[in-house]
Amino acid sequence: MSLRRLVDEHEGAERALVLANRSQPEQLRALLAGMFAEQSVTVDEAAVEGVPEDTVLLLDGEGEVLAQSPLSAVSESLLFTNSDAFVTGSTSLEETNLPAVITGLEGVQFRLRGYPQSHKEKLLLIAVSRHIERTAWERGAGTHRASFQQLSRIVDEQGTQRVYRRLGESGVDTHVYGVDDDGGAERAAELGVTVHAGESADYRDSWFVVHRPPDAEQPEEPDPLALLAIQGDDGVWDGFFTSDPEQALAVDDYVRREL
């Protein structure tokens, strides 16, 4: 068993986005389409009766509407930002607010190129990671586990350091994972989190962010959240994010047992 196997065995959900009744410039539609150009998520434009102008609809494989969000909310959270906003901390934990049509993409199998092949494709998973971190911090309980490949990133990236210092000071049992480079493990421990260092592929090549609320197995409790992606030799990340308890807890259980 490995984290890669969890990604390989995941059956991707079928989703589509429709920009309804556009009044904004064509460039915005192009930006939205470009965000998902390399993904299994199709982006179309249509006139839809009874829907406000500039609304993004999320559809399942049968064409049923699962969620809708203003185009302005999608633009502010993804289209008009970049990964540097999260790395530097110019987008704070409190400001992280993903619209329903983006969180509704859970279950989709994503394939994303990292830098230098692409500056933009990983932004979706970065934003989802921060969404999970904010949820853990707001709940203030349970466990939170996140991998960083190199542990030095936790303290060298200002925005990431601020987030994990706040998590370390909260009531969330926070664990971080990665290769101990440049004394990263010792420096990360100063944030009040539990550090797990290793050299295996699960440490080097995985990207996971998992929040497990207390008593997560109970149906009346809040859903756990998990993002999991694996980087291949070509620098491309394959992964998904989910709030399905069975899938999310499987990621958490594996990390807790094996890492």
Side-chain angles (χ1 to χ4, degrees), residues 13-60 63-135 137-138 157-160 162-163 207 209 225 227 229 237 239-243:
E14 187 176 347
R15 297 288 183 266
L17 295 172
V18 173
L19 175 54
N21 308 325
R22 176 175 64 85
S23 68
Q24 293 297 311
E26 159 66 17
Q27 290 91 327
L28 277 182
R29 185 212 61 80
L31 280 175
L32 181 63
M35 175 68 68
F36 298 97
E38 303 298 324
Q39 307 307 318
S40 59
V41 179
T42 61
V43 179
D44 293 312
E45 181 178 2
V48 183
E49 187 176 352
V51 173
E53 285 186 344
D54 302 311
T55 296
V56 181
L57 304 176
L58 174 68
L59 304 150
D60 65 13
E64 295 295 321
V65 176
L66 300 177
Q68 64 180 56
S69 301
L71 176 60
S72 58
V74 178
S75 299
E76 290 168 9
S77 63
L78 281 178
L79 304 186
F80 293 162
T81 190
N82 57 51
S83 59
D84 289 343
F86 297 99
V87 171
T88 63
S90 59
T91 296
S92 69
L93 201 55
E94 291 89 344
E95 292 171 328
T96 304
N97 188 22
L98 289 183
V101 295
I102 301 302
T103 58
L105 291 172
E106 63 170 89
V108 172
Q109 193 91 9
F110 288 100
R111 186 168 176 80
L112 304 152
R113 295 172 299 168
Y115 180 84
Q117 296 100 317
S118 171
H119 290 268
K120 198 77 172 176
E121 288 184 16
K122 278 175 57 180
L123 177 59
L124 174 65
L125 296 191
I126 293 172
V128 170
S129 297
R130 193 53 46 87
H131 168 71
I132 297 173
E133 291 158 355
R134 173 177 175 168
T135 300
W137 174 70
E138 287 180 333
E157 297 175 359
Q158 282 190 335
T160 304
R162 290 172 188 166
V163 168
W207 174 0
V209 185
L225 300 171
L227 176 150
W237 294 88
F240 63 94
F241 59 93
T242 184
S243 64

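We're numbering straight along the sequence, starting at 1.
Under the 3.5 Å distance criterion, the side-chain polar atoms of D54 are matched with a main-chain donor or acceptor of Q24. Not one N or O on the side chain of E45 forms a donor-acceptor pair closer than 3.5 Å with the backbone of A20. The backbone N or O of V51 lies less than 3.5 Å from no partner atom in the side chain of T55, so there is not a single donor-acceptor pair. Between the side chain of T81 and the main chain of L78, no donor-acceptor pair closer than 3.5 Å is present.
Separating the CG atom in L125 from the NE2 atom in H131 is a distance of 13.0 Å, to the nearest 0.5 Å. Atom CG of L112 sits about 7.5 Å away from atom CH2 of W207, to the nearest 0.5 Å. Atom-to-atom distance recorded for D60:CG and R15:CZ is 6.0 Å, nearest 0.5 angstrom.
Put simply, the side chain of M35 reaches to within 4.5 Å of the side chain of L79, judged on heavy atoms. Residues V56 and V18 form no side-chain contact, since every pair of their non-hydrogen atoms from C-beta on lies 4.5 Å or further apart. The side-chain heavy atoms of L58 and L17, taken from C-beta on, include a pair separated by under 4.5 Å. Counting only heavy atoms from C-beta outward, the side chains of L57 and V48 approach each other to under 4.5 Å. Using a 4.5 Å cut-off on side-chain heavy atoms (C-beta onward), L225 and F241 make no contact. Counting heavy atoms from C-beta on, the side chains of R29 and R22 come closer than 4.5 Å. At least one side-chain heavy atom of R130 sits under 4.5 Å from a side-chain heavy atom of V163. Residues L227 and F240 have side chains not in contact (no heavy-atom distance under 4.5 Å, counting atoms from C-beta outward).
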**Request:** Show the numbers, then the answer: is there a side-chain contact (heavy atoms from CB on, under 4.5 Å) between F110 and S40?
**Result:** CA-CA 7 Å; F110 288 100; S40 59; over 6 Å; no

**Message:** Run the side-chain contact (heavy atoms from CB on, under 4.5 Å) test on W237 and K122 for me, step by step, so that the C-alpha distance in whole Å, both residues' side-chain angles and the decisive distance to 0.1 Å come before the verdict.
**Reply:** CA-CA 8 Å; W237 294 88; K122 278 175 57 180; 3.8 Å; yes

**Asked** How far apart are the C-alpha atoms of V108 and Q39, what are their side-chain angles, what is the distance that settles it, and do they pass the side-chain contact (heavy atoms from CB on, under 4.5 Å) test?
**Response** CA-CA 9 Å; V108 172; Q39 307 307 318; 5.9 Å; no

**Request:** Could you walk me through whether S75 and L28 pass side-chain contact (heavy atoms from CB on, under 4.5 Å), step by step?
**Result:** CA-CA 8 Å; S75 299; L28 277 182; 3.9 Å; yes

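Nearest approach of S23 to E53, heavy atoms of both residues: OG-OE1, 3.4 Å. Of all the heavy atoms in I102 and L98, the pair that sits closest is CG2-CD1, 4.3 Å. Looking at every heavy atom in both residues, A16 comes nearest to T42 through CB-OG1, 3.2 Å. Residues V74 and S69 approach most closely at CG2-CB, 4.4 Å, considering heavy atoms. In terms of heavy-atom proximity, V209 sits nearest to S129 at CG2-OG, 3.6 Å.
E138 pairs by the side-chain contact (heavy atoms from CB on, under 4.5 Å) definition with R134, not counting sequence neighbours. Applying the side chain to side chain donor-acceptor pair (under 3.5 Å) test to T103 and every residue at least two apart in sequence or in another chain returns nothing.
Remark: the S243 side chain and the E106 side chain contain an N/O donor-acceptor pair separated by less than 3.5 Å.
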